[in-house]
Amino acid sequence: MNIAIIIAGGSGNRMGQDIPKQFINVHDKPILIYTLESFQHHEDIDAIGVVCIEGWENMVKAYANQFNITKLRWIVKGGSSAQESIRNGVYALEGTCSDDDIIIVHDGIRPLVEPTVLTDVIAKAKEYGNAVTSMPYNEQIFMVSEDDETTTTQYIPREQLRRVSTPQAYRFDLLDSKYHEAYEKGIGIHGSNYANTMMVQLGVRLHFALGSDKNIKLTTKDDLELFKGYLSRDKGTWLK
């Protein structure tokens, strides 16, 4: 099976709203539902789990019923960080998943998931055991000088860089075992760590999959306006 874990455990303080940003309505539909619909409508996705901020579980159920998200199987309590929320979602699948099931981890506030991106990340994970969506980095990156932070003498060739986001996909046995290892050793679980950074810190070689510039993360009000712009532009082609 191919199972999506949608991470919707954040409070979204930077959006400046009274409710978590994943529940903000855009054109009478919560952002989270736009995300879930991308997985609901994809033929390769068999089931969906949502890791939800505490207290909003019933709201997720109600919205899923209202918008016909029939693939939703699990709602799991979120953690104090994105990493802890992913861990909770993975552990909730123990005893249910087979080792070779593919688990797709995705941010609930990335609602513009293109079908080609999902197809490729699943295919790469089946071939290699893991896959992370990625895009080339098109800006120049310079290192701040140690002796003077207003100067630089070193840069990183952009050909060596990739922007990595979600969706990410992993065989269940790999993902589950590495989360147990990470929390036992205290490696890759603090700060802004995510499944991909944890994997690298635990010695796993990651494989790049197709990405998309449309796959924006809705963090600020400007991001929300950009999302609305995409909806207006593409409403006649993909929005159902």
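Because the structure is predicted, anything quoted here is derived from the model rather than measured. Computed from heavy atoms alone, side chains included, the values below leave out hydrogens, waters and symmetry copies.
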* Enter the distance from Ile187:CD1 to Asn193:CG here, rounded to the nearest 0.5 Å. => 10.5 Å

* To do: Decide whether Asn88 and Ser85 meet the rule of one side-chain donor and one side-chain acceptor closer than 3.5 Å.
  => no

* Taking it one step at a time, do Leu32 and Tyr63 satisfy side chain to side chain contact (heavy atoms under 4.5 Å, CB included)? -> CA-CA 9 Å; Leu32 178 61; Tyr63 280 137; over 6 Å; no

* Asked: Do Ile69 and Glu37 come within less than 4.5 Å of each other through their side chains, counting heavy atoms only?
  -> yes

* Structure fact -> Rounded to the nearest 0.5 Å, the CD atom of Gln83 sits from the NE2 atom of His190 at a distance of 10.0 Å

* side chain to side chain contact (heavy atoms under 4.5 Å, CB included) partners for His180, two or more places apart -> Tyr91, Glu94, Asp176, Glu184

* Asked: In chain order, what residues pass the side chain to side chain donor-acceptor pair (under 3.5 Å) check against Tyr194, with sequence neighbours excluded?
  -> Asp107

* Asked: Between Ile6 and Phe67, is there a shared hydrophobic cluster once you connect ILVMFWY residues whose side-chain heavy atoms come closer than 4.5 Å?
  -> yes

* Asked: Who pairs with Phe39 by ring-ring contact (aromatic ring centres under 6.0 Å, His included), at least two apart in sequence or on another chain?
  -> His106

* Structure fact -> Rounded to the nearest 0.5 angstrom, the CD1-CG distance for Ile31 and Leu36 is 12.0 Å

* Sort and list the pairs that fulfil salt bridge (Lys or Arg N to Asp or Glu O under 4.0 Å) and have at least one residue in residues 189-200, not counting sequence neighbours. => none

* Asked: Do Leu206 and Val105 belong to the same hydrophobic cluster, where Ile, Leu, Val, Met, Phe, Trp and Tyr are linked whenever their side-chain heavy atoms lie under 4.5 Å apart, directly or via other members?
  -> yes

* Are Tyr179 and Ile3 connected, step by step, through hydrophobic side chains (Ile, Leu, Val, Met, Phe, Trp, Tyr) whose heavy atoms are closer than 4.5 Å? -> yes

* What's the spacing between Arg87 CZ and Ile5 CD1 if we round to 0.5 Å? -> 12.5 Å

* Asked: Does Leu174 share a hydrophobic cluster with Val164, counting links as ILVMFWY side-chain heavy atoms below 4.5 Å and allowing steps through other members?
  -> yes

* Structure fact -> Tracing side-chain contacts under 4.5 Å among Ile, Leu, Val, Met, Phe, Trp and Tyr outward from Met143 reaches Tyr137, Ile141, Ile156, Leu161

* Asked: What pairs with Thr119 under side chain to side chain donor-acceptor pair (under 3.5 Å), at least two apart in sequence or on another chain?
  -> His42

* **Fellow cluster residues of Phe142, listed by chain then number, with links counted only when side-chain atoms sit under 4.5 Å apart** => Tyr155

* Asked: Who pairs with Ser80 by side chain to side chain donor-acceptor pair (under 3.5 Å), at least two apart in sequence or on another chain?
  -> Glu84

* Does anything in residues 124-143 pair up under salt bridge (Lys or Arg N to Asp or Glu O under 4.0 Å), and if so which pairs, sequence neighbours excluded? -> Asp120-Lys124

* In terms of hydrophobic clustering (I, L, V, M, F, W, Y; side-chain heavy atoms under 4.5 Å; direct or indirect links), are Leu72 and Ile102 co-clustered? -> yes

* Atom CD1 in Ile48, atom CH2 in Trp74: separation rounded to 0.5 Å? -> 10.0 Å

* **side chain to side chain contact (heavy atoms under 4.5 Å, CB included) against Glu181, all qualifying residues, sequence neighbours excluded** => Lys178, Lys185, Leu202

* Say you draw a straight line from OG1 of Thr96 to CG of Leu93; how long is it, rounded to the nearest 0.5 Å? -> 6.5 Å

* **Side chain proximity check, Ile24 to Leu218, heavy atoms < 4.5 angstrom** => no

* To do: Using the side chain to side chain contact (heavy atoms under 4.5 Å, CB included) rule, take Asp44 and Leu118 through it: C-alpha gap first, then chi angles, then the decisive distance, then the call.
  => CA-CA 8 Å; Asp44 292 340; Leu118 263 179; over 6 Å; no

* To do: Taking the side chain as every heavy atom from C-beta outward, state whether Phe23 and Val60 have any atom pair closer than 4.5 Å.
  => yes

* Structure fact -> The complete set of salt bridge (Lys or Arg N to Asp or Glu O under 4.0 Å) pairs with one or both residues in residues 54-75, sequence neighbours excluded, reads Glu54-Lys77

* salt bridge (Lys or Arg N to Asp or Glu O under 4.0 Å) pairs, two or more places apart, involving residues 149-171 -> Arg163-Asp213, Arg171-Asp173

* So Lys217 and Asp223, side chain to side chain contact (heavy atoms under 4.5 Å, CB included) or not? Walk me through it. -> CA-CA 7 Å; Lys217 186 175 183 179; Asp223 299 327; 6.0 Å; no

